[in-house]
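Report on the following structure.
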Amino acid sequence: MSPRPKKLNMESSIYEGSDGWWHGRVTMGVKDDGSYDRRHRRAKTEPEVRRKVRELEDLRDKGRAPKAGRKPTVAAWMETYLTDIASLKLKPRSLDDYWSKTRNDIVPGIGRHRLDKLAPEHLEKMYRAMLDEGHAPSHVLKVHRILSRALKIAHRRRMIVENVATLVDPPSVDETEANPFTTDEAKAFLQAAAKRPSFMRWCVGVGMGFRQGETLGLRWPYVDLEGELFHPQWQLQRLTWRHGCNDPHACGDRLHRFEPCLPDCGTHKNYTRGCPQTCTKTCTRHASACPERKGGGLVFTRPKTKKSTNPVPIPPPFVPYLREHKARQEGMRAAAGEQWQEHKAVFTRPDGRPLDPRADWEEFKDLLKEAGIDDRRLYDGSRHTAGTILNELGVDMPTIMEILRHTQISQTRRYVKGRSHLSKDAMRRMGEAFMPQPEPAIETTIETTDSRTARARRRRRRLR
């Protein structure tokens, strides 16, 4: 009997086992510890196991095979991604948003699935459930982008064969219609704001198109009144607190709520956001109550893009009011004495602390009512208003782009809303340019040279 031929290097094995299944063994290479990386596939029939073996060999030959070892769950990978990878690149506020959507949406929805077992259908069911719960399509789209980015990194590191998020169509989102102030509304708004100490805060927001965080984050060392320039190097943001203790779940033990409130709950009836959400069994929230909490509260952070830090010219009429505002702040500092907390902020509370963004938003809503303006977003009343009025004044798009510090002019165009009276005037001029003008009416005067004698002669002829 001739000896069984020896298999070639990296050649796969296919055989029928005693358990009635067909098995395939594929050599993928060498592991980190030097041992051979052998992968196993099995199926009920020989053709099926051969197909699986060929697919695995094809991934090996193309260098796309996932690494050996048991793959983590979605929940475990998201924690690794946010802690070790995303935290190196994202701004603090963006990282907070990633963590929030991961805890509240991704982990409850698909957190128990292994990365290599995740299918497009799992994502579609999660998105459908989120929409049925009342989440806006824009919220679901953000969750999709966060998850897609995390899976892209996993695919790049050969933990999975394919990023299944690319196979899913997220909900489409209609762009929010901008509703900026008209020129008359902007004047009425600032007239109402002139009665308050925060008058210049609203002048900067409405007249210069600063974002809320940029306005509240302005600091005197970056204000050049002589050169009439603002240098927006900082922004004020409220960040989520993080636990500094070793056991976040036990730290928030007294605040955990595992049972939902009754429909007629009276404890939280005056809460703006209603009854608080219930906690999971492994809840690690409530970091604001941690004795060793860190990284939260009102914080001065750097702007998101380099373009956002470009200097912005101050309108010359603003300069005297800014000097007066600074002098008034010096008086507040003297009155507060030792209670003054120095942050060098341009817009502060009576004790020197920066303005709270929540209180700032509430003041905006109050000023809308005082000015008799219908309700709208803070962004509409500041950034969109500045871009639209600049356009009405005849400022070209590249200049508006520089003032608003956008990176792309297409973004600037979304901030500028056309006005009906400007469109009507433009179409009138268009018509005059193309259509022929009607001929002017010519007034004709008929002069007669009949004399009295000639008229008498004609009458006598008629009488004959």
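Both backbone and side-chain heavy atoms feed into the values below; hydrogens, waters and symmetry mates do not. Please read these numbers as outputs of a predicted model, since none were measured by experiment.
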Is any side-chain heavy atom of [X] closer than 4.5 Å to a side-chain heavy atom of [Y]?
X: V140; Y: P170; answer: no
X: I146; Y: M78; answer: yes
X: L322; Y: M200; answer: yes
X: W241; Y: D96; answer: no
X: R211; Y: T215; answer: no
X: Y127; Y: V168; answer: yes
X: R41; Y: L56; answer: yes

Any donor-acceptor pair under 3.5 Å linking the side chain of [X] with the backbone of [Y]?
X: N163; Y: S148; result: yes
X: T102; Y: Y98; result: yes
X: R302; Y: Q233; result: yes
X: S94; Y: L90; result: no
X: R149; Y: A86; result: no
X: Q329; Y: A345; result: yes
X: T388; Y: T385; result: no

With sequence neighbours excluded, tell me which residues meet ring-ring contact (aromatic ring centres under 6.0 Å, His included) with [X].
X: H256; value: H249, F258, H286
X: H343; value: none
X: H155; value: none
X: Y81; value: none

Is it true that the side chains of T399 and D396 contain a donor and an acceptor less than 3.5 Å apart?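 Result is yes, a qualifying pair exists.
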
Is there a donor in the side chain of E363 and an acceptor in the side chain of S198, or the other way round, less than 3.5 Å apart?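 The answer is yes; a qualifying pair exists.
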
Measure up the H325 and W220 rings against each other and bin them: parallel (under 30°), tilted (30 to 60°), perpendicular (over 60°).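 Correct class here is tilted.
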
Look at the rings of Y321 and F199 and say which category their plane angle falls in: under 30° parallel, 30 to 60° tilted, over 60° perpendicular.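 Y321 and F199: perpendicular rings.
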
With sequence neighbours excluded, tell me which residues meet side-chain contact (heavy atoms from CB on, under 4.5 Å) with R358.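 R358 satisfies side-chain contact (heavy atoms from CB on, under 4.5 Å) with R238, D356 only.
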
Applying side-chain contact (heavy atoms from CB on, under 4.5 Å), can you list everything that pairs with E79, at least two apart in sequence or on another chain?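 Counting only residues at least two positions away or on another chain, E79 forms a side-chain contact (heavy atoms from CB on, under 4.5 Å) with T83, W99.
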
For [X], what residues pass the side chain to side chain donor-acceptor pair (under 3.5 Å) criterion, not counting sequence neighbours?
X: W361; result: none
X: D375; result: K365
X: D253; result: none
X: D132; result: R128

When you measure from the centre of the six-membered ring of F364, is the NZ or CZ of R201 closer than 6.0 Å and no more than 45° off the axis?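 No cation-pi geometry.
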
cation_pi(R219, F300) dist<6.0 Å, angle<=45: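 Because its charged atom sits under 6.0 Å from the ring centre and within 45° of the axis, R219 does stack over F300.
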
If the condition is salt bridge (Lys or Arg N to Asp or Glu O under 4.0 Å), which residues does R349 pass it with, not counting sequence neighbours?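 Salt bridge (Lys or Arg N to Asp or Glu O under 4.0 Å) check on R349 returns nothing, list empty.
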
Taking salt bridge (Lys or Arg N to Asp or Glu O under 4.0 Å) as the test, write out the residues that go with D58, two or more places apart.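 Checked D58 against salt bridge (Lys or Arg N to Asp or Glu O under 4.0 Å); matches are K62.
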
Nearest non-hydrogen partners of E55 and R51, listed with the distance: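 What the structure gives for the nearest pair is OE2-NH1, 2.5 Å.
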
Can the ring centres of F189 and F181 be said to be less than 6.0 Å apart?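 That pair passes the under 6.0 Å test.
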
Decide side-chain contact (heavy atoms from CB on, under 4.5 Å) for V161 and D116; before the verdict, give the C-alpha distance in whole Å, the side-chain angles of both, and the deciding distance to 0.1 Å. CA-CA 7 Å; V161 176; D116 56 337; over 6 Å; no

Go through it in stages, so that I can follow the logic: the residues are E162 and L167, the test is side-chain contact (heavy atoms from CB on, under 4.5 Å), and I'd like the CA-CA distance, side-chain angles, deciding distance and then a yes or no. CA-CA 9 Å; E162 188 174 22; L167 308 177; 3.8 Å; yes

